[in-house]
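For reference, the structure discussed in these notes is given below.
We use all heavy atoms of the structure for the numbers below, so side chains are in, but hydrogens, waters and symmetry mates are not.
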Amino acid sequence: MTMPLLRRGFLQGSALAAAGLAVHGLSAGRSQEPERPAYAGFWPALVCGAIGVRADQRQALEFAVKFGFRAVEPQVGYLQGLSDEELAELRGEMEAKGVVWSAAGLPVDFRGETDAFTRSLRTLPAFAAGLRRAGVDRVGTWISPTHKTQTYRANFRLHAVRLRAVADILDDFGVRLSLEYVGPKTSWSAGRFPFIHTLAEMKELVAEIGHPCVGYTLDSWHWYTAGESAKDIKTIRGGDVLIVHLNDAPADVPVDRQIDNVRDLPTATGVIDLKTFLGTLAEIGFEGPVYVEPFQRSLAELEPEEAVRRTAEALRRALALVP
C-alpha cells in the first residue's frame with residue numbers, strides 16, 4: 001500500500017532545471033509551500049518506507065515540505081493515537097503547507113489461510129474509522145502473481161470474495177481500495193500456478209469484485225514488464241486509478257528477465273517510456289498520489305535527507321515529461 005538523463009536533456013540546463021522545479025512543485029531543498037505541477041492531477045508523494053528512509057509522521061511531513069512534495073504517507077498507528085485536538089492541529093498544519101495524504105496500506109491478510117484472513121478482517125472497521133477521522137481516503141495493496149497450491153480460477157474466486165468483503169467495510173467509512181498487479185515474468189513464473197500479472201486480468205478481478213470503491217494502482221515498472229502500452233491504460237477511467245508508482249528499469253536487461261526488486265529511480269536509465277505512461281494518465285484524467293518504489297539498496301544507505309532529496313529530484317524530472 002506502490003516515479004520514471006531525461007529526454008529533454010535534464011531540462012536543457014541548470015536555468016531551465018530551476019524553472020522545472022517550480023513548475024512541478026518539487027524544490028531543491030528550500031523550505032517553502034510547494035507550487036503545483038503543470039498537470040495538477042499528479043500529487044508528488046513522499047512515502048519514506050518505499051525509499052528505505054525511517055521517519056516518523058512529523059519527520060516525514062518536514063521532509064515533504066522541505067523538498068516540495070504535495071502528499072505524504074499517513075502513519076495510521078500514530079494518527080490513531082492523537083487526540084482530536086492534536087489531529088486537528090496536524091491537519092491544519094498540512095493544509096497551511098499545501099500537503100495532503102497519499103494512501104495507507106491495507107492491513108488485511110487476504111492472501112493467507114482463512115483464520116488469518118478472518119482475524120485481520122475483524123480489525124478493519126477500527127482501522128478504517130481511524131482513516132476517516134484523519135481524512136485519509138484510500139488504501140493500497142498488491143496481488144501476488146503466483147500461488148503454490150491454488151489454480152488460477154480457484155485463486156481468482158478467493159480473491160474476489162475476500163476483497164469484496166474488504167471493500168464493503170472500507171466503503172462504509174468513505175475509503176477506496178486500490179489494487180496493484182505484479183508484472184515481471186520472473187515473478188509470475190516462479191510458482192506452480194501463475195496468477196494475475198496484467199492490467200487486463202486485474203480489470204477482470206475488479207469487475208468480479210463488483211464494488212465501486214475498488215480501483216487500480218498503476219506502476220510504470222509493472223506496466224513495462226507486462227508489455228503494456230498507452231492503449232491498455234486508456235481502457236480504464238482516470239477516476240478509477242487511485243495510486244501511481246513511478247520507477248525505471250535497469251539497462252541492458254531483457255524485459256522478461258527483469259527482477260521485481262531490482263529497479264531504479266524514475267528517469268535514471270530511460271528504459272521505461274515514462275513520457276507515454278504519465279502522458280496517458282494525464283489524458284484519462286488521473287488525479288492522485290504519485291510516488292517512487294525503487295527497492296534500491298544504495299538509496300536506502302544514504303542519510304535520510306539525502307535520500308529524500310534524490311527522490312524529489314527524480315520525481316521532478318519525471319513529471320517534467322508531462323506538458
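- Remark: His197 engages Trp188 in a ring pair (Phe, Tyr, Trp, His ring centres under 6.0 Å) (not counting sequence neighbours).
- Here the CD1 atom belonging to Ile196 is positioned 8.0 Å from the OG1 atom belonging to Thr198, to the nearest 0.5 angstrom.
- Val108 places none of its side-chain heavy atoms less than 4.5 Å from the side chain of Thr141.
- Side-chain atoms of Trp101 and Pro289, non-hydrogen and from C-beta on, never get closer than 4.5 Å to each other.
- Counting only distance, with no hydrogens or angles, the side chain of Glu301 and the backbone of Ser298 share no donor-acceptor pair below 3.5 Å.
- When hydrophobic side chains of Ile, Leu, Val, Met, Phe, Trp and Tyr are connected at separations under 4.5 Å, Val262 ends up clustered with Ile259.
- Not counting sequence neighbours, Arg164 has no partner by the side-chain hydrogen bond (donor to acceptor under 3.5 Å, both in side chains) test.
- Within the structure, ring pair (Phe, Tyr, Trp, His ring centres under 6.0 Å) pairs that include any residue of residues 150-185 comprise Phe110-His159, Tyr152-Phe195, His159-Phe195 (at least two apart or interchain).
- Smallest separation of non-hydrogen atoms from Phe286 and Ile243: CE1-N, 4.2 Å.
- Contact record, Leu79 with Pro74: CD1-CB, 3.8 Å, taken as the closest heavy-atom pair.
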For this session: Apply the test side chain to side chain contact (heavy atoms under 4.5 Å, CB included) to residues Asp219 and Val244: give CA-CA distance (whole Å), side-chain angles for both, the deciding distance (0.1 Å), then the verdict.
Result: CA-CA 6 Å; Asp219 187 324; Val244 166; over 6 Å; no
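- By the side-chain hydrogen bond (donor to acceptor under 3.5 Å, both in side chains) test, Lys185 is found to be paired with no residue, residues two or more places apart in sequence or in another chain being considered.
- Applying the salt bridge (Lys or Arg N to Asp or Glu O under 4.0 Å) rule to Arg119 yields no partners; only residues at least two apart in sequence or on another chain are considered.
- Side-chain atoms of Arg192 never come within 3.5 Å of backbone atoms of Thr149 as a donor-acceptor pair (strictly under, hydrogens ignored).
- The line from CG of Leu177 to OH of Tyr216 is 11.5 Å long, rounded to the nearest 0.5 Å.
- For the pair Thr186 (side chain) and Gln258 (backbone), a donor-acceptor distance under 3.5 Å is present.
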For this session: List the steps, then state whether salt bridge (charged side-chain N to carboxylate O under 4.0 Å, His left out) holds for Arg176 with Asp240.
Result: CA-CA 10 Å; Arg176 297 194 68 184; Asp240 288 332; 3.3 Å; yes
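- In this structure, Arg70 fails the cation-pi test against Phe42, since its NZ or CZ atom is not both closer than 6.0 Å to the six-membered ring centre and inside 45 degrees of the ring normal.
- With His211 contributing its side chain and Val214 its backbone, the two residues share no donor-acceptor pair below 3.5 Å.
- No salt bridge links Asp172 with Arg132; every basic N to acidic carboxylate O contact stays at or beyond 4.0 Å.
- In this structure, Tyr78 and Asp56 have side chains that are not in contact, with every pair of non-hydrogen atoms separated by 4.5 Å or more.
- Between Asp264 and Pro294, every side-chain heavy-atom pair lies at or beyond the 4.5 Å cut-off.
- The distance from atom CZ of Phe193 to atom CD of Gln150, rounded to the nearest 0.5 Å, is 9.0 Å.
- When hydrophobic clusters are built by joining Ile, Leu, Val, Met, Phe, Trp and Tyr residues whose side-chain heavy atoms come closer than 4.5 Å, directly or via intermediates, Leu205 is grouped together with Leu170.
- The environment of Arg58 atom CZ is dense: over 12 non-hydrogen atoms of other residues, nucleotides or ligands sit within 6.0 angstrom.
- The closest side-chain donor-acceptor pair between Thr235 and Lys203 falls under 3.5 angstrom.
- With 3.5 Å as the limit, one finds a donor-acceptor pair spanning the side chains of Thr269 and Asp248.
- Arg111 forms a cation-pi arrangement with Trp142, by the criterion of a distance under 6.0 Å to the ring centre and an angle within 45° of the ring axis.
- Proximity of a side-chain donor or acceptor of Glu180 to a complementary backbone N or O of Thr217 within less than 3.5 Å is not detected.
- At least one donor-acceptor pair closer than 3.5 Å links the side chain of Ser120 to the backbone N or O of Phe117.
- A side-chain contact (heavy atoms from CB on, under 4.5 Å) with Ser187 is found for exactly one of Asn261, Thr146, Val182, Thr225, namely Val182.
- Pairing each heavy atom of Val53 with each of Ala307, the nearest pair is CG2-CB, 3.7 Å.
- Listed for the Asp168 side chain is no donor-acceptor partner under 3.5 Å among the backbone atoms of Ala165.
- Scanning all heavy atoms of the two residues, the minimum distance from Cys213 to Asp171 falls at CB-OD1, 3.8 Å.
- Counting heavy atoms from C-beta on, the side chains of Phe69 and Val99 never come closer than 4.5 Å.
- Side-chain contact between Phe67 and Thr311 is absent, with no heavy atoms from C-beta onward closer than 4.5 Å.
- In this structure, CD in Glu95 is found 12.0 Å from CG in Leu90, a value given to the nearest 0.5 Å.
- Closest approach of Val271 and Ala251 over heavy atoms only: CG2-CA, 3.8 Å.
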For this session: Using the salt bridge (charged side-chain N to carboxylate O under 4.0 Å, His left out) rule, take Glu306 and Arg310 through it: C-alpha gap first, then chi angles, then the decisive distance, then the call.
Result: CA-CA 6 Å; Glu306 177 63 13; Arg310 293 192 188 186; 2.8 Å; yes
Exercise. Checking side chain to side chain contact (heavy atoms under 4.5 Å, CB included) for the pair Arg263/Gln296: CA distance, chi angles, key distance, verdict?
Worked result: CA-CA 7 Å; Arg263 312 181 186 181; Gln296 195 173 58; over 6 Å; no
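- Residues Val175 and Val136 form no side-chain contact, since every pair of their non-hydrogen atoms from C-beta on lies 4.5 Å or further apart.
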Problem set entry | Verdict with supporting geometry, Ile233 and Phe277, side chain to side chain contact (heavy atoms under 4.5 Å, CB included) | CA-CA 8 Å; Ile233 297 175; Phe277 181 76; 3.7 Å; yes
For this session: Check the pair Phe63, Arg309 against side chain to side chain contact (heavy atoms under 4.5 Å, CB included), reporting the backbone distance first and the verdict last.
Result: CA-CA 9 Å; Phe63 284 146; Arg309 184 189 67 79; over 6 Å; no
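- In the hydrophobic clustering of ILVMFWY residues, with side-chain heavy atoms under 4.5 Å counting as a link, Leu61 and Leu87 come out together.
- Judged by distance alone, with hydrogens and angles left aside, the side-chain atoms of Glu293 form no donor-acceptor pair with the main-chain N or O of Ala50 at under 3.5 Å.
- In this structure, Leu218 and Ile236 have side chains that are in contact, with non-hydrogen atoms separated by less than 4.5 Å.
- Listed for the Gln75 side chain is a donor-acceptor partner under 3.5 Å among the backbone atoms of Ala55.
- The distance from the CG atom of Leu242 to the CG atom of Leu179 is 8.5 Å, given to the nearest 0.5 Å.
- Taking hydrophobic clusters as Ile, Leu, Val, Met, Phe, Trp and Tyr residues chained together by side-chain heavy-atom distances below 4.5 Å, Val206 shares a cluster with Ile284.
- In plain terms, the two heavy atoms of Ile272 and Ala249 that are nearest each other are CD1-N, 3.8 Å.
- Panel note: side chain Gln57, backbone Glu73; a donor-acceptor pair is recorded below 3.5 Å.
- In this structure, Lys275 NZ and Thr280 OG1 are separated by 11.5 Å, a value rounded to the nearest 0.5 Å.
- Using a 4.0 Å cut-off between charged nitrogen and carboxylate oxygen, Glu305 and Lys66 count as a salt-bridge pair.
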